[in-house]
Amino acid sequence: MPELPEVEVVRLGLSPFLAGARVGNVRVFHERAVRRNEGDFSGELKDVEILHVSRRGKYLWLVTNGDMAVVIHLGMSGQLRMRSAHDADLAQFAQHPHLRLRFTLTDSQGKATFLDFLDQRTFGGMHLSPLVSVEGEKIPQSILHIARDPLDPHFSFNPFAQKLHRKKTEIKRALLDQSLISGVGNIYADEALWRSRVHGNFKADQLSDVVVEQLVHNVKEVMHEALEQGGTSFDSLYVNVNGESGYFSRNLNVYGRESEPCDRCGFPIERLKFMNRSSFYCPLCQSLEQGIA
DNA sequence: TTTTGGTCCTGGATGC
DNA sequence: TGCATCCAGGACCAAA
């Protein structure tokens with residue numbers, strides 16, 4: 001499931017192919033992939049030039065020469081794959097059951113390339129949004145509500161901590177709230193909470209500054225480590241632009257490890273149902289009494 | 001205004 | 001073997 005490190009791996013993979021590329025046509029195979037658009041998605045992109053690829057949290061966007069952005073969210077199972085006109089399986093790939101959208105492009109060298117969007121569970125998609133200037137940056141209007149992510153050089157601890165201290169909800173839910181801090185999903189929230197010895201059900205407004213600072217540090221740390229290993233892949237649902245998996249799943253301490261011994265204390269990892277999804281934690285290291293220190 | 005829980009969606013895994 | 005059910009979870013929305 002793509003969270004911030006996986007999306008950043010995709011952005012890094014796309015950038016050299018897409019910078020300076022011109023859109024020929026866009027073929028939509030599944031309407032859900034463009035469901036957030038009101039206008040003609042394909043028509044508005046005809047002959048548009050892509051300048052570069054940006055990211056905030058789990059959102060990617062292609063900046064075009066018309067001060068417009070193609071905003072992309074991978075959802076749970078979205079994949080972006082670059083293909084050249086010489087790929088032997090290009091035609092066969094067009095029959096792929098999960099292919100939702102295909103860009104035909106001419107890259108900066110004048111060569112034909114293809115950008116495919118595959119999405120098994122169709123939670124992902126893309127839409128057009130005008131770019132607006134905020135704090136000296138150009139951001140798609142549709143994602144102005146998305147907070148800066150912890151790897152953003154302009155991410156600032158104090159505004160996040162102040163907003164967090166006003167939240168009367170559980171810390172895990174707050175970490176997943178993209179308007180507070182973006183890019184954190186279920187996997188990295190569980191991992192950062194384990195590293196911080198904080199139970200996900202602990203109330204956000206009762207955490208001390210010291211613990212919040214440690215938590216932010218651990219969110220950054222786990223994301224940097226995942227990024228270095230190409231992201232987390234459990235199955236074929238997350239791959240980079242070349243179709244390769246990441247290796248960080250081998251380093252997870254709690255996520256997906258129910259009943260296995262905690263790497264720190266040996267107590268069996270437990271699983272809780274939380275917000276219609278699973279939370280993994282160590283009941284000994286992450287008791288509800290911890291978090292105030 | 002804030003919190004909370006339901007819904008969307010597909011396909012693999014599991015149980016009967 | 002075949003069918004039904006469960007499960008995964010990010011974003012959004014509506015009810016409380």
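Chain identifiers are assigned alphabetically (A, B, ...) following the order of the sequence lines, protein sequences preceding nucleic acid strands; residue numbering begins at 1 within each chain. Computation of the quantities below employed the complete heavy-atom set of this structure, encompassing side-chain atoms and omitting hydrogens, waters and symmetry-equivalent molecules.
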How sharply is the helix from B:dT2-C:dA16 to B:dC16-C:dG2 bent, taking the axes over five pairs at either end and rounding to 10 degrees? 50°

To the side chain of A:N186, which of B:dT4, C:dG10, C:dC12 is closest? C:dG10

Nearest-angstrom distance from the residue atom CZ of A:F29 to P of B:dT10: 17 Å

Between A:H127 and A:S142, a side-chain donor and acceptor under 3.5 Å: yes

Determine, for A:F114 and A:R83, whether the Lys NZ or Arg CZ falls below 6.0 Å from the six-membered ring centre while staying within 45 degrees of the axis. no

Testing the basics here: between A:P2 and A:G78, what is the closest heavy-atom pair and its distance to 0.1 Å? CG-O, 4.2 Å

Indicate the ring-plane relationship of A:H73 and A:Y59, choosing parallel, tilted or perpendicular according to the 30° and 60° boundaries. perpendicular

Run through A:T64, A:V71, A:L45, A:D40 and flag the one making a side chain to side chain contact (heavy atoms under 4.5 Å, CB included) with A:L128. A:L45

Closest non-hydrogen atom pair, A:L60 against A:R55: CD2-CB, 4.1 Å

Taking only side-chain nitrogens and oxygens of A:R121, does any of them come within less than 4.0 Å of OP1 or OP2 of B:dG12? no

Could you work out which one of C:dA8, C:dG10, B:dC9 sits closest to the side chain of A:R277? C:dG10

How long is the line joining CZ of A:R100 and C1' of B:dC8, in whole Å? 14 Å

Report yes if a side-chain nitrogen or oxygen of A:S77 is closer than 4.0 Å to either non-bridging phosphate oxygen (OP1 or OP2) of C:dA8; otherwise report no. no

Nearest-Å distance for atom pair CD/C1', residues A:Q120 and B:dG11: 5 Å

Would you jot down, in residue-number order, the residues of residues 171-185 of chain A having a non-hydrogen atom under 4.0 Å from DNA chain B? A:R173

Between B:dG11 (P) and A:Q79 (CD): distance, integer Å: 13 Å

Decide, yes or no, whether a salt bridge links A:R32 with A:D119 under the criterion of side-chain N to carboxylate O below 4.0 Å. no

Taking only side-chain N and O atoms of A:K58, does any of them lie within less than 4.0 angstrom of OP1 or OP2 on C:dA11? yes

Ranking C:dA8, B:dC9, C:dA11 by distance to the side chain of A:Y59, first place goes to C:dA11

side-chain hydrogen bond (donor to acceptor under 3.5 Å, both in side chains) filter on A:E31, not counting sequence neighbours, yields none

Starting at atom CG of A:D205, determine the distance to atom P of B:dT3, rounded to an integer number of angstrom. 9 Å

Check the distance between C:dG10's P and A:H145's NE2 and give it to me in whole angstrom. 15 Å

Closer than 4.0 Å, any side-chain N/O of A:K273 to the OP1 or OP2 of B:dG5? no

Would you please confirm or rule out a distance under 4.0 Å between OP1 or OP2 of C:dG10 and any side-chain N or O of A:H73? no

Donor + acceptor pair across side chains of A:N218, A:S196 (<3.5 Å): yes

Could you check A:H96, A:R27, A:R102, A:R81 and say which one makes a side chain to side chain donor-acceptor pair (under 3.5 Å) with A:D116? A:R102

Measure across A:R195 and A:R264 and return the closest heavy-atom pair with its distance rounded to 0.1 Å. O-NH1, 3.8 Å

Side-chain N or O of A:K167 versus OP1/OP2 of B:dT3: is the shortest distance under 4.0 Å? yes

When you measure from the side-chain N and O atoms of A:H30 to the phosphate of B:dC9, is any distance below 4.0 Å, counting only OP1 and OP2? no

Rounded interatomic separation in angstrom, taking CE from A:M126 and P from C:dG10: 19 Å

How would you label the contact of A:R35 with the nucleic acid (heavy atoms, under 4.0 Å): base, sugar-phosphate, or nothing? nothing

Taking only side-chain N and O atoms of A:H98, does any of them lie within less than 4.0 angstrom of OP1 or OP2 on B:dG11? yes

Does OP1 or OP2 of B:dT4 have a side-chain N or O of A:T169 closer than 4.0 Å? yes

Could you state the OH-P distance from A:Y188 to C:dG10, rounded to the nearest angstrom? 11 Å

